[in-house]
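Presented below is the structure to which this report refers.
For clarity, every value in this text was computed on a predicted model and none was experimentally measured. Below, chain A is the first sequence line, B the second, and so on; all start at residue 1.
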Amino acid sequence: MYGRCGALDDARKVFDELSERGIGDVVSWNSIVATYVQAGDCRNALRLFDRMTWDSGHVPDAVSLVNVLPACASLGASIQGKQVHAFALRRGLSEDVYVGNAVLDMYAKCGMLDEASKVFKQMEFKDLVSWNAMVTGYSQVGRFDEALSLFEKMEVEKIESNVVTWSAVIAGYAQRGHGHEALDVFRRMCLSGSEPNIVTLVSLLSGCASAGALHQGKETHCYAIKCVLNKLDNDPGDDLMVINALIDMYAKCGSAGVARTMFDLITPEHRNVVTWTVMIGGYAQQGEANGALKLFSEMVNQANFIKPNAFTISCGLMACARLAALRFGTQIHAYILRNQYDSVMVHVENCLIDMYSKSGDIDAGRVVFDHMQHRNTISWTSLMTGYGMHGRGDEALWVFNEMRKAGLVPDGVTFVVVLYACSHAGLVDQGIEYFDAMDRDYGVVPGVEHYACMVDLLGRAGRLGEAMKLIKRMPMQPTPIVWFSLLSASRLHGNVEFGEYAANKLLDIESENDGSYTLLSNIYANARRWKDVARVRSVMKSTGIRKRPGCSWVQGMKGTATFYVGDWTHPQSQQIHEVLTDLILRIKALGYVPQTSFALHDVDDEEKGDLLSEHSEKLALAYGILTTAPGAPIRITKNLRVCGDCHSAMTYISMIINHEIILRDSSRFHHFKKGSCSCKGYW
DNA sequence: TTAGGGTTAG
């Protein structure tokens with residue numbers, strides 16, 4: 001009775017008393033073991049089971065084994081589990097379907113699927129639980145194809161699935177990001193007459209979230225209100241789980257507003273750490289990184305304190321990485337160090353590497369990397385990506401070699417990063433070598449993303465003809481990213497012919513991308529083909545496509561300041577413009593000539609020069625100079641690619657100011673120092 | 001006495 005009520009101490013007292021008086025029997029041993037398992041204290045459950053087997057004079061029966069096996073499973077204690085299995089075989093208890101199922105499940109949970117499958121095949125009598133344990137076992141170790149084929153076999157053998165089977169299959173699809181398939185299974189489940197429950201809905205919502213299927217997510221929401229939520233015998237924790245899954249679904253499907261409304265409807269004392277995390281993560285992934293950081297601060301400062309877990313911290317760092325919010329990111333790093341996050345540290349540390357490198361301080365990312373106790377493939381590739389973004393190609397390739405020495409096998413993503421690093425550092429020959437080697441030496445077949453990297457690599461280096469030849473040689477259809485790489489390279493090298501070709505291909509495939517139109521009109525402007533510029537602009541106008549406004553932000557003393565082109569809204573605008581005018585006068589004396597083609601207007605050169613001088617990145621720089629301590633770097637982030645004229649101006653300005661200018665644009669980092677830029681023209 | 005569930009990184 002005490003055991004069933006969760007009163008572990010009381011149950012133990014009664015058990016010890018019975019033992020002392022010598023009147024304990026197998027049932028009392030079984031009950032106490034079960035009580036420990038239920039309380040989550042599997043270690044003590046195992047200890048008691050051992051005492052029962054060796055010291056008590058009683059012989060474990062089928063119930064004892066069924067009690068102790070889940071404890072082995074949840075500890076991953078496969079050696080003890082195997083001993084229990086051997087005991088069952090010796091005692092002839094393995095015929096019992098309960099015992100068989102528990103053994104099978106123990107092997108599955110310890111990741112020993114081949115052992116589990118052997119047990120499954122040898123079972124003379126299988127029930128639905130046996131099949132379900134096998135299906136979920138395969139699914140959870142990532143052998144989802146085998147899980148599915150078992151699921152299909154169940155149909156063939158006319159074994160009727162129950163809610164557990166259906167939910168497990170839905171969850172399997174959802175975990176792999178195959179939301180549409182999850183939805184299909186859900187429909188089949190409803191047709192089969194099986195009634196979805198909370199677990200089904202939570203799994204399904206996770207699938208909708210990963211598929212971005214808002215409509216089906218809403219349908220699931222209706223179903224939840226009608227049939228599942230707020231039922232009298234529901235555990236309130238289960239209801240919250242569904243609500244959390246709904247918030248996550250709405251946020252990931254682009255309805256952060258709806259998600260926020262649901263979040264606000266839950267009173268703070270009812271929210272748990274996942275409620276906060278899904279909302280923060282939703283903002284961070286939907287490009288509302290400012291909202292994410294605001295909520296993160298609110299979470300750690302609220303009266304009803306809930307400690308952020310590794311997931312929350314990762315989401316916060318992701319938001320910092322997007323915004324290049326170095327100061328906030330550093331504060332989160334300090335928070336981690338103060339608050340002991342021992343478990344699942346790898347994930348958080350990987351986020352730290354990413355945050356530091358995307359915020360302009362790749363050396364700090366390297367320090368995090370060097371201090372890691374355990375590293376996985378993502379740790380190595382994150383560091384490599386960082387070096388690549390900063391144009392430090394040699395160091396990126398060094399990381400690649402060290403990674404191989406550490407025994408890690410490069411995969412498709414690794415090679416994207418390697419090629420990206422070569423491209424951004426102008427290491428053309430090495431890039432070609434790696435591209436040739438990836439299939440030959442590593443067995444990684446180049447995908448469309450690797451071809452895109454190669455087009456980028458050759459294109460940046462001005463080898464446009466070779467890039468075009470490579471596209472023609474591709475064994476698959478080029479995706480927009482391939483043509484976009486060719487188009488960017490054509491813009492960089494002022495090649496109208498290739499630019500037009502790539503732009504036409506791109507507009508055939510996806511006509512909504514403002515970036516393609518802007519690049520093409522830049523190419524025409526550079527060639528002074530104003531009629532073509534006007535034509536592109538009129539197409540944009542008639543199709544309603546608008547160029548995204550350029551926007552830059554800089555971390556000043558009083559927080560982050562944001563600027564748009566020609567922006568006069570900042571309270572210090574007057575001063576900012578004075579600084580800028582003065583700087584431009586001074587660099588003109590050093591040889592700077594405004595590159596008017598970037599102004600995109602068919603007006604006379606003097607006026608174009610004026611428009612250029614108000615580009616957002618220049619305004620951000622002037623503000624940075626006003627608010628940054630002498631000698632400290634100025635960190636600017638831009639949402640689009642830096643304009644060529646601004647790039648040239650910043651190179652000159654870095655000769656006359658006592659700051660390094662660290663600029664992150666949508667493509668990479670530029671470090672301007674003493675008259676040169678780290679990108680060496682490769683942007 | 002056995003089976004299923006939500007949030008994170010390249």
Side-chain angles (χ1 to χ4, degrees), chain A residues 30-31 33-34 37-38 61-70 73 96-106 108-109 127-137 139-140 161-172 174-175 197-207 209 237-238 240-249 251-252 272-282 284-285 308-318 321 344 346-355 357-358 376-386 388 411-414 416-417 420:
Chain A
N30 286 348
S31 312
V33 171
V37 175
Q38 216 175 15
D61 63 4
V63 176
S64 326
L65 305 193
V66 173
N67 280 333
V68 78
L69 281 163
D96 184 307
V97 69
Y98 278 82
V99 174
N101 287 341
V103 169
L104 188 167
D105 189 51
M106 178 276 299
K109 291 222 170 78
D127 64 6
L128 183 54
V129 174
S130 332
W131 286 89
N132 284 346
M134 216 48 228
V135 170
T136 53
S139 171
Q140 280 166 357
S161 302
N162 68 0
V163 60
V164 176
T165 333
W166 289 108
S167 305
V169 175
I170 291 170
Q175 278 153 19
N197 64 12
I198 283 173
V199 179
T200 325
L201 290 199
V202 166
S203 307
L204 182 65
L205 285 168
S206 144
D238 279 357
L240 182 60
M241 215 183 236
V242 176
I243 293 169
N244 288 344
L246 279 165
I247 294 175
D248 183 51
M249 180 278 294
K252 290 221 175 91
N272 66 11
V273 65
V274 180
T275 319
W276 285 93
T277 305
V278 291
M279 197 61 237
I280 292 169
Q285 287 164 354
N309 65 15
F311 290 87
T312 329
I313 301 266
S314 303
C315 290
L317 289 171
M318 248 167 73
V344 282
V346 183
H347 211 112
V348 170
E349 285 167 323
N350 290 347
C351 289
L352 278 170
I353 296 174
D354 189 53
M355 181 279 291
S357 75
K358 290 204 177 121
N376 61 17
T377 316
I378 297 180
S379 325
W380 291 91
T381 40
S382 301
L383 184 66
M384 218 188 315
T385 308
D411 61 9
V413 179
T414 320
V416 168
V417 175
Y420 172 94

According to a strict under-4.0 Å criterion, is A:K109 in side-chain N/O contact with OP1 or OP2 of B:dG4? yes
Looking at B:dG5, I'd like to know if its phosphate oxygens (OP1 or OP2) sit under 4.0 Å from a side-chain N or O belonging to A:Q140.
yes
Ignoring hydrogens and geometry beyond distance, is the side chain of [X] in donor-acceptor contact with the base of [N] at under 3.5 Å?
{"X": "A:S382", "N": "B:dG10", "answer": "no"}
{"X": "A:N197", "N": "B:dG4", "answer": "yes"}
{"X": "A:D238", "N": "B:dG5", "answer": "yes"}

Calculate the interatomic distance between [X] atom [atom1] and [N] atom [atom2]; express it in whole Å.
{"X": "A:I243", "N": "B:dG5", "atom1": "CD1", "atom2": "C1'", "result": "15 Å"}
{"X": "A:L201", "N": "B:dG5", "atom1": "CG", "atom2": "C1'", "result": "10 Å"}
{"X": "A:L317", "N": "B:dT7", "atom1": "CG", "atom2": "P", "result": "19 Å"}
{"X": "A:D105", "N": "B:dT2", "atom1": "CG", "atom2": "P", "result": "10 Å"}
{"X": "A:N67", "N": "B:dT2", "atom1": "CG", "atom2": "P", "result": "7 Å"}

Would you indicate what A:M134 reaches in the nucleic acid, counting non-hydrogen atoms under 4.0 angstrom: base, sugar-phosphate, or nothing?
-> nothing
Exercise. So what does A:N272 hit on the nucleic acid, given a heavy-atom distance under 4.0 Å: a base, only sugar-phosphate, or nothing?
Worked result: base
